[in-house]
Amino acid sequence: TQLLEQSPQFLSIQEGENLTVYCNSSSVFSSLQWYRQEPGEGPVLLVTVVTGGEVKKLKRLTFQFGDARKDSSLHITAAQPGDTGLYLCAGDESQGNLIFGKGTKLSVKP
Amino acid sequence: ETGVTQSPTHLIKTRGQQVTLRCSSQSGHNTVSWYQQALGQGPQFIFQYYREEENGRGNFPPRFSGLQFPNYSSELNVNALELDDSALYLCASSLWRDTNSYEQYFGPGTRLTVT
């Protein structure tokens, strides 16, 4: 079974700061997805990256897939309190079975 | 377009009992996956259904079983409940495509507590 490690596990920052969350594996994934989850709710899909080296932007969020398709990063510029939540990366192992990391719990204080 | 819905929202059961959780997939989606999310953990894949058949299974015992119906809705059944089965159960629907990736859309989950 492939494993995805996310770091950091917890992150508490002030509004306006930048941050980067990392997702690493020793295995290759056909695609990787990033989700955001709020307490008591299901994960909400933010982005899917497929091609090695791919960079996708979603407003202040920038997602990058590693060249070897084993790792990914999420960078948030000028974080806002509304960005608070659990950020999960998930790799597509095979036939669409997603392997999730444990998540990064982000808290952005006003 | 209707999103993924799950019922019930919360459920309390006693150890040894059986439970059925339900999921209605997003309109146009033909694949349903179930995940278990323990507190403080990421979701863990239980199994996936495509065209009413199991299409992949994670590391869960046979007492976890499922069904998919012709309208693509799905059920997750858990027999002989154990305390460790307490978790948020998530259903995700997707459209199976012949590509290297497809996107899964999650419902709000069912919070199961086993006492």
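Letters A, B, ... mirror the listed sequences (proteins, then strands); counts begin at 1.
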Under a single-linkage rule joining Ile, Leu, Val, Met, Phe, Trp and Tyr whose side-chain heavy atoms are separated by less than 4.5 Å, which residues share a cluster with B:Leu83? B:Leu11, B:Val19, B:Leu21, B:Val32, B:Trp34, B:Ile46, B:Phe47, B:Tyr49, B:Phe60, B:Phe64, B:Leu76, B:Val78, B:Leu81, B:Tyr89, B:Leu112, B:Val114
Please look at B:Gln37 and chain A and tell me whether the side chain, the backbone, both or neither of the residue comes under 4.5 angstrom of a heavy atom of that chain. side chain
Could you go step by step and tell me if A:Asn24 and A:Glu5 meet the side-chain hydrogen bond (donor to acceptor under 3.5 Å, both in side chains) rule? CA-CA 5 Å; A:Asn24 294 294; A:Glu5 293 190 6; over 6 Å; no
For the backbone of B:Glu52 and the side chain of B:Gln68, can you confirm whether one donor and one acceptor N or O come within less than 3.5 Å of each other? yes
For the interface with chain B, which of A:Gly101, A:Ala90, A:Gly42 has the highest count of heavy-atom pairs at distances below 4.5 Å? A:Gly42
Sorted by number, residues from residues 67-77 of chain A in contact with chain B (heavy atoms, under 4.5 Å): none
Can you list everything that forms a side chain to side chain contact (heavy atoms under 4.5 Å, CB included) with B:Glu53? Sequence neighbours excluded, please. none
Looking at B:Lys13 and B:Asp85, is any side-chain nitrogen of the basic one under 4.0 Å from a carboxylate oxygen of the acidic one? no
Given that the side chain runs from C-beta out, which part of A:Gln37 has a heavy atom under 4.5 Å from chain B: side chain, backbone, both or neither? side chain
Residue pairs meeting disulfide bond (SG atoms under 2.5 Å apart), one or both in residues 51-86 of chain A, sequence neighbours left out, come to none
Is there a continuous path of hydrophobic side-chain contacts, each under 4.5 Å between heavy atoms, that joins A:Leu86 to A:Tyr22? no
